[in-house]
**Student:** 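The following block contains the structure, expressed as structure tokens.
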Amino acid sequence: MHLDVQTLRDFYYRNALGRAAQAIIRRQTRVFWPEGKLKGQTVAGFGFAVPLLRPYLADSRRVIGLMPGPQGVMPWPAGMPNVSVLCEEHSWPIETGHIDRLVLMHGLETSENPSELLDECYRVLGPGGQALFILPNRSGLWARSDATPFGYGRPYSRSQLEAQLKRHDFIPESHVSVLYQPPSTRRFWMKTAPIWENTGRAIPAVMAGGVMMVVASKRYPPTRRGVGEAARMLNPLEVLAPKPGKVAKPV
């Protein structure tokens with residue numbers, strides 16, 4: 001279930017906790033992909049990833065904000081020509097192999113068909129393209145709180161996410177956990193947020209970050225799916241219904 005775009009906008013732009021979360025996640029995104037290294041490239045975000053794309057507006061060849069229909073769309077960025085577009089979850093208005101860098105936030109965990117969504121991510125990425133998946137950590141506090149958008153949808157463990165990415169021909173390259181502070185707007189937790197963040201990253205075995213960020217590259221050419229996997233993708237009830245042209249004729 002996708003959250004409404006107005007709920008997401010209010011959290012990231014009008015809520016103190018949301019603005020703090022945006023700053024931390026955006027800072028780590030820039031560590032993975034510094035602006036200067038994406039000069040002349042096409043960058044896209046799906047779900048509600050636009051708060052993380054602003055640093056790339058100046059140097060990238062093109063920036064696109066893809067927002068799924070059930071979520072809704074808002075114009076972005078403010079005060080500049082709009083680059084956001086409403087799209088179907090599994091069919092984006094982008095040519096195959098056109099995207100160099102892709103960010104997913106509040107997209108995969110809320111999708112009703114994550115397998116088809118990952119196939120679409122693979123389709124739009126060019127050879128050597130990378131995707132950044134930002135998801136609620138199943139072991140973290142943020143996935144257990146309805147006070148933030150990360151408390152909705154299907155949380156993942158890192159092993160679950162990486163296994164699913166590999167099945168769709170993505171190669172996980174690096175990962176990090178962020179948002180170690182409790183998801184609370186109380187003054188004490190907000191003031192001590194940097195301490196929680198630094199401690200959590202230094203000793204990740206002691207506490208779980210609320211959000212995990214995984215960078216994966218596109219495997220090209222894709223691996224062929226085996227007979228077993230192809231069989232799992234079929235509807236088992238189809239064997240009970242004869243297909244046109246396959247009905248036995250009377251002798």
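Residue indices begin at 1 and follow the sequence shown.
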**Student:** The test is side chain to side chain donor-acceptor pair (under 3.5 Å); show your working for Gln6 and Arg9 and say whether it passes.
**Tutor:** CA-CA 5 Å; Gln6 302 297 333; Arg9 182 199 63 182; 2.9 Å; yes

**Student:** Following the transitive rule for hydrophobic clusters with a side-chain heavy-atom cut-off under 4.5 Å over Ile, Leu, Val, Met, Phe, Trp and Tyr, establish whether Trp196 and Leu141 coincide in one cluster.
**Tutor:** no

**Student:** Answer whether the closest heavy-atom distance between the side chains of Val43 and Leu53 falls below 4.5 Å.
**Tutor:** yes

**Student:** In the structure I gave you, are the side-chain heavy atoms of Asp119 and Leu117 within less than 4.5 Å of one another anywhere?
**Tutor:** no

**Student:** Taking the side chain as everything from C-beta on, heavy atoms only, tell me whether Pro68 gets closer than 4.5 Å to Glu88.
**Tutor:** no

**Student:** Using side chain to side chain donor-acceptor pair (under 3.5 Å), reason through Glu89 and Ser111 one step at a time and then give a plain yes or no.
**Tutor:** CA-CA 8 Å; Glu89 191 174 74; Ser111 172; 2.9 Å; yes

**Student:** If I compare all heavy atoms of Asn82 with all of Met74, which pair ends up nearest, and what's the gap?
**Tutor:** OD1-O, 4.3 Å

**Student:** Testing the basics here: between Val50 and Trp76, what is the closest heavy-atom pair and its distance to 0.1 Å?
**Tutor:** O-CZ2, 3.1 Å

**Student:** Residues two or more places apart in sequence or in another chain: which of them pass ring pair (Phe, Tyr, Trp, His ring centres under 6.0 Å) with Tyr122?
**Tutor:** Phe170

**Student:** Taking all non-hydrogen atoms of both residues, which atom of Met190 and which atom of Ser184 are closest, and how far apart?
**Tutor:** SD-O, 3.6 Å

**Student:** Can you list the steps and then say if Met212 with Val176 is a side chain to side chain contact (heavy atoms under 4.5 Å, CB included)?
**Tutor:** CA-CA 6 Å; Met212 57 182 175; Val176 70; over 6 Å; no

**Student:** For His175 and Leu161, what are the C-alpha separation, side-chain angles and deciding distance, and is it a side chain to side chain contact (heavy atoms under 4.5 Å, CB included)?
**Tutor:** CA-CA 11 Å; His175 70 274; Leu161 175 60; over 6 Å; no

**Student:** May I ask whether Phe133 and Ile171 are part of the same hydrophobic cluster, defined by side-chain heavy atoms of I, L, V, M, F, W, Y residues being less than 4.5 angstrom apart, directly or through others?
**Tutor:** no

**Student:** Using modelled atom types and a 3.5 Å cut-off, is there a donor and acceptor pairing between side-chain atoms of Ser157 and backbone atoms of Gln160?
**Tutor:** yes

**Student:** Do Leu132 and Arg101 make a side-chain contact, defined as non-hydrogen atoms from C-beta onward lying under 4.5 Å apart?
**Tutor:** no

**Student:** Less than 4.5 Å apart, any side-chain heavy atom of Val73 and any of Val85?
**Tutor:** no

**Student:** Can you see which heavy atom on Ala21 is nearest to which on Leu179, and at what distance?
**Tutor:** CA-CD2, 3.9 Å

**Student:** How many angstroms lie between atom CD of Gln130 and atom CG of Asp100, to the nearest 0.5 angstrom?
**Tutor:** 10.0 Å

**Student:** Side chain to side chain donor-acceptor pair (under 3.5 Å), that's the test. Do Tyr13 and Gln22 meet it? Break it down for me.
**Tutor:** CA-CA 9 Å; Tyr13 292 103; Gln22 176 190 158; 4.9 Å; no

**Student:** Taking all non-hydrogen atoms of both residues into account, name the closest pair between Ala143 and Asn137 and its distance.
**Tutor:** CB-O, 3.4 Å

**Student:** To the nearest 0.5 angstrom, please state how far the CD atom of Glu95 sits from the CZ atom of Arg123.
**Tutor:** 9.0 Å

**Student:** Is the backbone of Trp92 close enough, under 3.5 Å, to the side chain of Glu120 for a donor and an acceptor to pair up by distance?
**Tutor:** yes

**Student:** Is the number of heavy atoms from other residues, nucleotides or ligands under 6.0 Å of Glu173 CD greater than 12?
**Tutor:** yes

**Student:** Can Arg62 and Thr42 be said to form a side chain to side chain donor-acceptor pair (under 3.5 Å), step by step?
**Tutor:** CA-CA 5 Å; Arg62 189 177 183 188; Thr42 299; over 6 Å; no

**Student:** Linking I/L/V/M/F/W/Y whenever any side-chain heavy atoms sit under 4.5 Å apart, do Val31 and Leu102 land together?
**Tutor:** no

**Student:** With side chains defined as the heavy atoms from C-beta onward, is the minimum distance between Met67 and Cys87 less than 4.5 Å?
**Tutor:** no

**Student:** Under 3.5 Å, side chain of Trp142 to main-chain N/O of Gly209, donor-acceptor pair present?
**Tutor:** no

**Student:** Are Val103 and Trp33 close enough, and set up right, to give a side chain to side chain contact (heavy atoms under 4.5 Å, CB included), and what steps lead you there?
**Tutor:** CA-CA 11 Å; Val103 182; Trp33 298 337; 3.6 Å; yes

**Student:** Suppose the criterion is salt bridge (Lys or Arg N to Asp or Glu O under 4.0 Å): which pairs have a residue in residues 28-50, not counting sequence neighbours?
**Tutor:** Arg30-Glu35

**Student:** Phe46 and side chain to side chain contact (heavy atoms under 4.5 Å, CB included): which single residue from Leu66, Leu108, Val124 fits?
**Tutor:** Leu66

**Student:** Just verifying a value: how many Å separate Ile25 CD1 and Ile134 CD1, rounded to the nearest 0.5 Å?
**Tutor:** 6.0 Å

**Student:** Any side-chain heavy-atom pair from Arg186 and Lys191 closer than 4.5 angstrom?
**Tutor:** no

**Student:** Under 6.0 Å between ring centres, would you say that holds for Tyr12 and His106?
**Tutor:** yes

**Student:** Is there a donor in the side chain of Tyr56 and an acceptor in the side chain of Gln41, or the other way round, less than 3.5 Å apart?
**Tutor:** no

**Student:** Okay, side chain of Gln28, backbone of Val178: is any donor-acceptor separation there less than 3.5 Å?
**Tutor:** no

**Student:** Quick one, Arg158 with Glu162, criterion salt bridge (Lys or Arg N to Asp or Glu O under 4.0 Å). Give me CA distance, side-chain angles, the key distance, then yes/no.
**Tutor:** CA-CA 6 Å; Arg158 185 166 65 88; Glu162 291 186 348; 3.2 Å; yes

**Student:** List the steps, then state whether side chain to side chain contact (heavy atoms under 4.5 Å, CB included) holds for Leu118 with Leu165.
**Tutor:** CA-CA 8 Å; Leu118 287 174; Leu165 293 178; 3.9 Å; yes

**Student:** CG/Leu17 to OG1/Thr148 distance, rounded to the nearest 0.5 angstrom?
**Tutor:** 7.0 Å

**Student:** Which residue is it: Gln164, Arg138, Glu109? I am looking for the one with a side-chain hydrogen bond (donor to acceptor under 3.5 Å, both in side chains) to Tyr156.
**Tutor:** Gln164

**Student:** Return yes if some donor-acceptor pair links the side-chain N/O of Lys218 with the main-chain N/O of Leu125 below 3.5 Å, else return no.
**Tutor:** yes

**Student:** Gln71 pairs by side chain to side chain contact (heavy atoms under 4.5 Å, CB included) with which of Asp4, Thr7, Leu8, Leu3?
**Tutor:** Leu8

**Student:** Quick check: closest heavy atoms across Asp146 and Gly151, and the distance to 0.1 Å?
**Tutor:** OD1-O, 3.8 Å

**Student:** Taking the side chain as every heavy atom from C-beta outward, state whether Pro172 and Val215 have any atom pair closer than 4.5 Å.
**Tutor:** no

**Student:** For Asn113, does its backbone N or O pair with a side-chain atom of Glu116 as donor and acceptor, under 3.5 Å?
**Tutor:** no

**Student:** With hydrophobic residues grouped by side-chain heavy-atom distances under 4.5 Å, do Leu52 and Leu57 end up in a single group?
**Tutor:** yes

